[in-house]
Amino acid sequence: MISAAAELIRQADRILVICHVAPDGDAIGSLLGLGRALEKLGKHPVLACADPVPRLYRYLPGQENITAHPQGEFDLVISLDCSDLQRLGAPFKEADVAGKPIINIDHHITNVNFGTVNWVDTSAAATAQMVLELVEYLGVPLDPDMATCLLNGIVTDTQGFRTPNTTPRVVAAALRLMEAGASLPYIAQQVFNRRPISQIRLWARALTEMQLDGRVLWATITPDMRRDCQMTEDGDGGLVGFLVSAVEADVAIVFAQQEDGTVEVSMRAVPGIDVSGVAFSLGGGGHPQAAGCKLQPPLEEAQRRVLQAVKEALRRQTGQ
Ligand code: AMP
Ligand code: MN
Ligand code: MN
């Protein structure tokens with residue numbers, strides 16, 4: 001698959017490189033790392049994402065070049081860290097790419113193989129790890145900026161090398177990126193150790209109202225709560241990852257309601273429990289220990305559906 005991807009890249013010139021909506025550190029890091037490599041190959045990549053780069057990742061070199069409105073013609077699309085076409089959002093729908101080949105590079109177990117070439121490696125801890133392997137395969141020399149972007153993807157998707165898919169292979173990839181000039185402590189400081197106080201206030205609000213239902217710990221974020229705390233970004237700022245650290249819980253869920261009423265559901269599970277199937281059955285996707293979906297309002301109905309599906313999955317998986 002890597003050879004088929006490399007072949008399509010060698011034949012192309014103007015390439016639309018695009019990641020999933022509501023991008024995380026792996027999506028942005030992979031996009032920027034591959035973009036730089038393609039430029040070094042003499043290609044003309046355009047980097048696209050439906051949503052703005054989260055504040056946390058604005059330290060990454062080149063992030064200001066990511067656009068939500070890719071212009072002009074393309075002869076190839078490369079999709080990164082995205083499990084289905086829907087999740088590429090508006091830039092993919094609006095771009096002039098009808099009939100053009102798509103390389104689908106991803107590590108989600110729920111990937112639906114929508115590409116012309118589907119390179120989906122569920123044993124990879126991050127898409128950025130796969131992008132590194134592709135860059136090496138293409139023979140493009142790494143530079144410190146490229147290495148920083150790719151290591152940002154690995155560090156964030158493994159939560160600092162703590163997830164169960166942290167293998168010797170991904171640690172070796174990180175080592176190569178450090179040798180190419182990326183600083184692991186600098187990246188860790190940027191992505192884990194700094195957050196705006198508005199986010200801490202939002203967590204405080206959500207935590208006072210969290211609920212433990214069996215071994216499922218869940219919390220809600222509403223637009224009103226966001227306004228009260230002056231929290232301008234979407235998402236939960238990593239709250240769900242904190243909730244799943246509760247020893248009394250096997251699964252944590254955050255329901256983040258958007259201004260338009262849609263409910264973004266973030267799920268985390270302890271090692272040994274798999275929430276990717278629940279997310280997929282509700283139209284979303286993800287990994288065994290981290291998955292999500294988007295549901296229509298009303299909020300209470302979305303919560304009821306998700307909690308019921310999660311508890312049913314827990315019963316099946318634990319035999320209780
Ligand atoms: P999050 O909880 O947003 O950090 O997402 C956890 C994992 O689930 C990530 O790998 C996401 O890419 C995936 N994911 C979240 N929401 C969706 C969705 N609506 N559709 C497909 N995958 C999703
Ligand atoms: Mn992602
Ligand atoms: Mn990823």
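Only heavy atoms go into these numbers, but all of them, side chains included; no hydrogens, no water, no symmetry mates. All figures in this text were calculated on a predicted structure; none of them were measured in a lab.
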Taking it one step at a time, do Arg169 and Asp121 satisfy salt bridge (charged side-chain N to carboxylate O under 4.0 Å, His left out)? CA-CA 13 Å; Arg169 185 176 140 221; Asp121 181 354; 2.9 Å; yes

Strictly distance-based, threshold 3.5 Å: is any side-chain N or O of Gln129 a donor or acceptor partner for the main-chain N or O of Ala125? yes

Using the salt bridge (Lys or Arg N to Asp or Glu O under 4.0 Å) criterion, which residues pair with Lys294? Sequence neighbours excluded. Glu264

Please say which of Val131, Asp106, Val17 ends up in a side-chain contact (heavy atoms from CB on, under 4.5 Å) with Ser30. Val131

When you group the ILVMFWY residues by side-chain heavy-atom contacts below 4.5 Å and let the links chain together, are Val278 and Val254 in the same group? no

Looking at residues at least two apart in the chain, or sitting in another chain, which of them share a side-chain hydrogen bond (donor to acceptor under 3.5 Å, both in side chains) with Thr262? Asp260

Charged N to carboxylate O below 4.0 Å: is that the case for Asp228 and Arg205? yes

Would Val240 and Phe192 show up in the same hydrophobic cluster when neighbours are defined by side-chain heavy atoms closer than 4.5 Å? no

Check for a donor-acceptor pair, side chain of Thr220 on one end and backbone N or O of Phe255 on the other, with a separation under 3.5 Å. no

side-chain contact (heavy atoms from CB on, under 4.5 Å) between Val191 and Tyr186, worked out: CA-CA 9 Å; Val191 300; Tyr186 173 69; over 6 Å; no

How many angstroms lie between OH in Tyr59 and CG in Asn152, if you round to the nearest 0.5 Å? 3.5 Å

Smallest separation among heavy atoms of Arg305 and Leu295, with atom names: NH1-CD2, 4.1 Å

Partners of Ser276 by side-chain hydrogen bond (donor to acceptor under 3.5 Å, both in side chains), sequence neighbours excluded? Asp274

Same hydrophobic cluster for Leu177 and Tyr57, using side-chain heavy-atom links shorter than 4.5 Å among ILVMFWY? yes

List the steps, then state whether salt bridge (charged side-chain N to carboxylate O under 4.0 Å, His left out) holds for Arg316 with Glu312. CA-CA 6 Å; Arg316 236 179 304 119; Glu312 171 57 30; 3.7 Å; yes

Could you tell me whether Arg176 and Glu136 have a side-chain N and a carboxylate O separated by less than 4.0 Å? yes

Could you go through Asn111 and Asn104, starting from their C-alpha distance and side-chain angles, then the distance that decides it, and tell me whether this counts as side chain to side chain donor-acceptor pair (under 3.5 Å)? CA-CA 9 Å; Asn111 193 290; Asn104 165 17; 2.9 Å; yes

Report, as yes or no, whether the 6.0 Å neighbourhood of atom CZ on Phe114 holds more than 12 heavy atoms from other residues, nucleotides or ligands. yes

Please check if atom CD in Glu73 has more than 12 non-hydrogen atoms from other residues, nucleotides or ligands closer than 6.0 Å. no

Are there more than 12 heavy atoms of other residues, nucleotides or ligands under 6.0 Å from atom CD of Gln86? no

Non-hydrogen side-chain atoms of Arg36 and Pro45 separated by less than 4.5 Å: no

Quick one, Val135 and Lys40 - any side-chain contact, counting heavy atoms below 4.5 Å? no

Show, in sequence, the C-alpha distance, side-chain angles and deciding distance for Asp224 and Arg227, and conclude whether the salt bridge (charged side-chain N to carboxylate O under 4.0 Å, His left out) test is met. CA-CA 5 Å; Asp224 276 349; Arg227 264 190 295 276; 2.8 Å; yes

What I want to find out is whether Asp213 reaches Lys311 closely enough, with some N-O distance under 4.0 Å, to be called a salt bridge. yes

For a 4.5 angstrom cut-off between non-hydrogen side-chain atoms, does Leu38 reach Ile78? yes

Could you check whether atom CE of Met1 has more than 12 heavy atoms from other residues, nucleotides or ligands sitting under 6.0 Å from it? no

Measure the spacing between CZ of Arg194 and CZ of Arg55 and express it to the nearest 0.5 Å. 9.5 Å

Under 3.5 Å, side chain of Glu94 to main-chain N/O of His69, donor-acceptor pair present? no

Would Met267 end up clustered with Val263 when hydrophobic side chains under 4.5 Å apart are linked, directly or stepwise? yes

Any side-chain to backbone donor/acceptor pair from Arg195 onto Ile200? Under 3.5 Å, distance only. no

Hey, does the side chain of Gln199 reach the backbone of Gly237 with a donor-acceptor pair shorter than 3.5 angstrom? yes

Relative to the ring of Trp203, is the ring of Phe242 parallel (under 30°), tilted (30 to 60°) or perpendicular (over 60°)? parallel

Check Asp96 against Gly72 and note the closest heavy-atom contact, atom names and distance. CB-O, 3.5 Å

Working note: Arg304 + Glu301, criterion salt bridge (charged side-chain N to carboxylate O under 4.0 Å, His left out); need CA distance, chi angles, decisive distance, verdict. CA-CA 5 Å; Arg304 198 191 55 73; Glu301 169 65 10; 3.1 Å; yes

Can you tell me if Phe74 has over 12 outside heavy atoms packed within less than 6.0 Å of its CZ? yes

Atom of Thr156, atom of Asp26 and distance for their closest heavy-atom approach: OG1-N, 3.5 Å

Within the structure provided, determine whether Trp119 and Met130 are in side-chain contact (heavy-atom separation under 4.5 Å). yes

Student check: side-chain heavy atoms of Ile28 and Ile66 closer than 4.5 Å: yes

For the student: nearest non-hydrogen atoms of Gly42 and Asp13, plus distance: O-OD1, 4.2 Å

Which pair of non-hydrogen atoms, one from Gly33 and one from Met146, has the smallest distance, and what is that distance? O-CG, 3.4 Å

Given side-chain contact (heavy atoms from CB on, under 4.5 Å), test Asp24 with Asp81 step by step and report yes or no. CA-CA 9 Å; Asp24 52 23; Asp81 199 42; 3.4 Å; yes

Could you tell me whether the side chain of Gln159 and the main chain of Asp157 form a donor-acceptor pair under 3.5 Å? no

Keeping the roles fixed (side chain from Arg215, backbone from Glu248), state whether a donor-acceptor pair exists under 3.5 Å. yes

Side chain Arg58, main chain Val53, donor-acceptor under 3.5 Å: yes

Checking His107 against Asn165 for the side chain to side chain donor-acceptor pair (under 3.5 Å) test, could you report, in this order, the C-alpha distance in whole Å, the side-chain angles of both residues, the deciding distance, and whether it holds? CA-CA 11 Å; His107 66 131; Asn165 57 5; 5.2 Å; no

Under 3.5 Å, is there a donor-acceptor pair between the side chain of Asp75 and the main chain of Arg14? yes

Residue pair Ala249 / Leu217: nearest heavy atoms and the distance that separates them: CB-CB, 3.9 Å

Are Ile103 and Leu85 in one and the same hydrophobic cluster, where Ile, Leu, Val, Met, Phe, Trp and Tyr link if side-chain heavy atoms are under 4.5 Å apart? no

